[in-house]
Amino acid sequence: MSDTTRPLFTATVRDTPAGPVVEAAGELDLDSVPTLRATLRHVLAAAIPPPALVVDLAAVTFCDSIGLRVLLQARIEAERRGTTLRLANPTKAVARVLQITGTDRVFAVDGD
């Protein structure tokens, strides 16, 4: 029996004076990474890439290794385009994954 109560994952873009913010919400796992990947690629594919891109993780309730991989791939693509990718507001669950894997030292991580 499938779990139909699982919340959907969303990734929406909000423009700010400092650059775009991708607001992610839900569980970041195998089923949801295509949504985040597509959103990040869309932002980074702009004719004039933004100087900075923030991924707001305040509403991400879970992140597995596949979710982390998408973030790392986006960081590499952002650097190729001259954009700095920052993570913001990681929940305790996400911050723990970043800490355990050492990627909290790879990403610029902002608390707010």
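Predicted, not measured: the structure shown is a model, and the values here were computed from it.
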What are the two closest non-hydrogen atoms of [X] and [Y], and how far apart are they?
| X | Y | result |
| --- | --- | --- |
| P90 | A95 | CB-N, 4.0 Å |
| A47 | R81 | O-NH2, 4.4 Å |
| A24 | A59 | O-CB, 3.6 Å |
| V97 | C63 | CG2-O, 3.4 Å |
| A18 | A52 | O-CB, 4.3 Å |

Exercise. Rounded to the nearest 0.5 Å, how far apart are CD1 of I48 and OG1 of T83?
Worked result: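 Interatomic distance, I48 CD1 to T83 OG1, rounded to 0.5 Å: 11.5 Å.
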Exercise. Measuring from L28:CG to D64:CG, what's the distance to the nearest 0.5 Å?
Worked result: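 Result: 7.0 Å between the selected atoms.
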For this session: Treating Ile, Leu, Val, Met, Phe, Trp and Tyr as nodes and any side-chain heavy-atom pair under 4.5 angstrom as an edge, say whether V54 and L98 lie in one connected cluster.
Result: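 No, V54 does not connect to L98 through the hydrophobic network.
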Problem set entry | Co-membership, hydrophobic cluster, residues V55 and F107, 4.5 Å side-chain |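 Linked, V55 and F107 end up in one cluster.
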Exercise. Where the side chain of S32 meets the backbone of E27, is there a donor-acceptor pair that is under 3.5 Å apart?
Worked result: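 Yes, because the side chain of S32 sits within donor-acceptor range (under 3.5 Å) of the backbone of E27.
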For this session: Please answer whether the main-chain N or O of T61 pairs with a side-chain N or O of T91 as donor and acceptor at a distance below 3.5 Å.
Result: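 Flag not set: sc T91 to bb T61 has no pair under 3.5 Å.
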Exercise. How about L57 and N89: do any of their side-chain heavy atoms sit closer than 4.5 Å?
Worked result: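 Sidechains of N89 and L57: no contact.
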Let me have the donor-acceptor pairs involving side chains of residues 34-44, under 3.5 Å, with sequence neighbours excluded, atom names and distances please.
from: T39; atom 1: OG1; to: A11; atom 2: O; distance (Å): 3.4
from: T39; atom 1: OG1; to: T35; atom 2: O; distance (Å): 3.0

Return a table of donor-acceptor pairs under 3.5 angstrom between the side chains of residues 65-77 and protein atoms on other chains or two or more places apart.
from: R75; atom 1: NE; to: V106; atom 2: O; distance (Å): 3.2
from: R75; atom 1: NH2; to: E79; atom 2: OE2; distance (Å): 3.1
from: E77; atom 1: OE1; to: R80; atom 2: NH1; distance (Å): 3.3

